[in-house]
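Reading through the structure tokens given below for one structure.
This is a predicted model, so every value here is computed, not measured. In what follows, every chain begins at residue 1, and chains take the letters A, B, ... in the order their sequences are listed.
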There are 2 protein chains.
Amino acid sequence: MQTVRKDIHNSEVPVLCQSCEARHQGICGALNGEQLLALSKATRRVRREPGEELIADAMPINAFSNVLRGVVKLTKVLEDGRQQVVGLQFAPDLLGRPFAAESRVTAEAASAVDLCVIPRPALESLMKDSAPLEHRVMMQALRELDEARDWMVTLGRKNAAEKVASFLFMIASHIDPTDETVASKFDLPLSRADIADFLGLTIETVSRQISKLKADGVIEIVNYRHITVPDLARLRVLCG
Amino acid sequence: MQTVRKDIHNSEVPVLCQSCEARHQGICGALNGEQLLALSKATRRVRREPGEELIADAMPINAFSNVLRGVVKLTKVLEDGRQQVVGLQFAPDLLGRPFAAESRVTAEAASAVDLCVIPRPALESLMKDSAPLEHRVMMQALRELDEARDWMVTLGRKNAAEKVASFLFMIASHIDPTDETVASKFDLPLSRADIADFLGLTIETVSRQISKLKADGVIEIVNYRHITVPDLARLRVLCG
DNA sequence: CGGTGGATTGAGAGCCGTCAACGGAGGTGG
DNA sequence: CCACCTCCGTTGACGGCTCTCAATCCACCG
């Protein structure tokens, strides 16, 4: 009977959720069929183009979003306009700061992005009832904290060459999470300006360091946005 | 009858916990008398002197600790020895990365520190049973993530003068969480070397910037470690 | 074909790191 | 009580890395 009941539950999974990455590795994996069905009635899928603002800094948070495709950049700006990228989010991350009245970052689509938008009350009431859901949200927060602290080392203690190598290595690892012994080819989800804001450098310095990596044969540049790394281990060494 | 029951519960609060800050603002505030009593049988209070290592990077985590007094610094090092402070923890923060096999930072006593050490199994089993406890742990993780991202802006986009001003302002705010309109006097919990590692600078640059703030009348230096700020708003402006 | 926005490359300046010398506080021993 | 040592912090001189400003290139598009 249990297996039959499980099959029934599976058939309850909303059509849109059935092939959704968030249901496997994302936060929706913590929900049973019934909860998923209820939640899916409140959500909607949207597409956002590069550069579109998803969440504004210091504004009330009305909704959270599962990132289903593309890359979202989280930024902060100083009063005089200096900007810093403080995080990148990939599928199936949850976008939005839980348990805060206002956002503390600006979230912007870095590439074309597909989102599953969850109204704030829907997610917060579900989190109150579902400890597994809250647990998944916490695990993501802890992972983001680890990543932020890793990046603080890069920002504070690495020189420009090491910073750019670290960025490329991080992107390659995210796109292609295989081991370090093979080659890798990928599209950069960020413009030179975004990369500079991520690394605490200027556009010109980023460009010079990328040119140097190309001249040294560490990377090959197909397009401005398309890069191949013949030897990931060699790039890894340059990260400092 | 309810009030009587409550009194009974209060009397169950372990003696050591009764005046403990962690029971009010820290994670123990999520526990009832019974849970607190059970937990207190597994914990022990210890004192650590400045410079003592509390948790080693890449080592298994055997225990968590409530910070009861003093300041703990979290650091990461590159292979060639370059060091970055990635976080500071004050009372009543919980020390230790939950739900990870190994620590990803080194934790070291920056000042004299009092800890309430909680064995790992004790806290993890309690978290499994108590959603409010897990919720508090998550709230701390989210707060630390906010702080880490704030600091990334300082590391990536501020010059040396703004970095040092930001550090002093952050310490003043932590020690003296009043509004910005008044004066503030406090002891620096970190040496010049630690401050440099926190700001991604050298000892010499930190020293020069502190001397400049003194020459400009923004701060007064009583001791190497003891500083007064006559006008916090003026310091705030210098943070960029 | 010219216009536009992003990326690259070059020249010069300025900020901060490096190296070095000096100073002051605290501890120890004669 | 003083001499001495050590550790930490300060100050100075100099050089290099990265920023700034500017020109140019390239891809894309009307």
Side-chain angles (χ1 to χ4, degrees), chain A residues 49-51 73 78 80-85 108 110-111 154-168 187-216 219-227 238 240, chain B residues 49-51 73 78 80-84 108 110-112 154-168 187-216 219-227 238 240:
Chain A
E49 295 306 316
K73 65 176 200 216
L78 295 174
D80 61 4
R82 280 175 287 178
Q83 188 165 117
Q84 176 70 43
V85 175
E108 188 180 314
S111 64
T154 299
L155 287 173
R157 287 301 181 199
K158 293 186 185 176
N159 62 28
E162 292 166 337
K163 283 181 177 179
V164 171
S166 301
F167 172 77
L168 293 176
D187 284 327
L188 289 179
L190 268 56
S191 68
R192 298 289 188 271
D194 288 338
I195 298 173
D197 284 343
F198 196 22
L199 296 172
L201 298 171
T202 60
I203 298 176
E204 295 93 329
T205 299
V206 171
S207 184
R208 270 185 264 267
Q209 295 301 332
I210 289 181
S211 296
K212 187 169 186 312
L213 287 173
K214 179 185 170 190
D216 293 347
I219 63 175
E220 288 156 18
I221 297 180
V222 183
N223 249 336
Y224 293 136
R225 287 297 186 99
H226 194 137
I227 285 185
L238 300 176
Chain B
E49 295 306 316
K73 65 175 200 222
L78 295 175
D80 61 3
R82 282 176 286 179
Q83 188 165 116
Q84 176 69 43
E108 188 181 312
S111 65
T154 299
L155 287 174
R157 286 303 181 199
K158 293 185 183 176
N159 61 31
E162 293 166 337
K163 283 181 177 179
V164 171
S166 300
F167 172 77
L168 294 176
D187 284 327
L188 289 180
L190 267 57
S191 69
R192 296 290 188 271
D194 288 338
I195 298 173
D197 284 342
F198 195 24
L199 296 172
L201 298 172
T202 60
I203 297 176
E204 295 92 330
T205 298
V206 171
S207 184
R208 270 185 265 266
Q209 294 301 332
I210 288 180
S211 297
K212 187 169 186 308
L213 287 174
K214 178 185 170 189
D216 294 347
I219 64 174
E220 288 156 17
I221 297 180
V222 184
N223 249 335
Y224 294 134
R225 288 295 187 101
H226 193 140
I227 284 186
L238 299 177

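Judged purely by atom type and a 3.5 angstrom limit, B:Lys158 has no side-chain atom pairing as donor or acceptor with the backbone of B:Lys163. Side chain of A:Arg157 to main chain of B:Arg82: no donor-acceptor pair is present (N/O by atom type, distance under 3.5 Å, no hydrogens or angles). Put simply, the side chain of B:Glu162 never gets that close to the backbone of B:Leu238: no donor and acceptor are under 3.5 Å apart.
Atoms CD1 (A:Ile210) and C1' (C:dT9) sit 14 Å apart, rounded to a whole Å. In this structure, A:Asp197 places its CG atom 13 Å from P of C:dG6, rounding to the nearest Å. If you measure from atom CD1 of A:Ile227 to atom P of C:dA7, you get 11 Å, rounded to the nearest angstrom. Between A:Lys214 atom NZ and C:dA7 atom C1' the separation is 11 Å, expressed in whole Å. Atom CD in A:Gln209 sits roughly 16 Å away from atom P in C:dA7 (whole-Å rounding). When rounded to the nearest whole Å, the span between CD1 of A:Ile203 and P of C:dT9 equals 15 Å. Between B:Arg192 atom CZ and C:dG23 atom C1' the separation is 14 Å, expressed in whole Å.
Residues satisfying the side chain to side chain contact (heavy atoms under 4.5 Å, CB included) criterion with A:Asn223, sequence neighbours excluded, are A:His226.
Each of B:Asp197, B:Ile203, B:Thr205 was checked for a side chain to side chain contact (heavy atoms under 4.5 Å, CB included) with B:Leu201, and the lone residue meeting it is B:Thr205.
Contact of B:Glu204 with C:dC16 (side chain to base): no donor-acceptor pair of N or O atoms is detected under 3.5 Å.
Boundaries of the chain A contact region on DNA chain D are D:dT18 to D:dC26, first to last in 5' to 3' order (nucleotide atom under 4.0 Å from a heavy atom).
A:Phe167 places a side-chain heavy atom less than 4.5 Å from the side chain of A:Leu190.
Checking B:Ile221 against A:Asn223, the closest nucleotide of DNA chain D that is more toward the 5' end is the one next to B:Ile221. Mapping A:Arg208 and A:Arg225 onto DNA chain C via the closest heavy atom, the residue that lands nearer the 5' end is A:Arg225. Heavy-atom nearest nucleotides on DNA chain D were determined for A:Leu201 and for A:Tyr224, and the one closer to the 5' end corresponds to A:Leu201.
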*Kindly determine whether A:Leu213 and A:Val164 satisfy side chain to side chain contact (heavy atoms under 4.5 Å, CB included), including the steps that lead there.*
CA-CA 9 Å; A:Leu213 287 173; A:Val164 171; 4.0 Å; yes

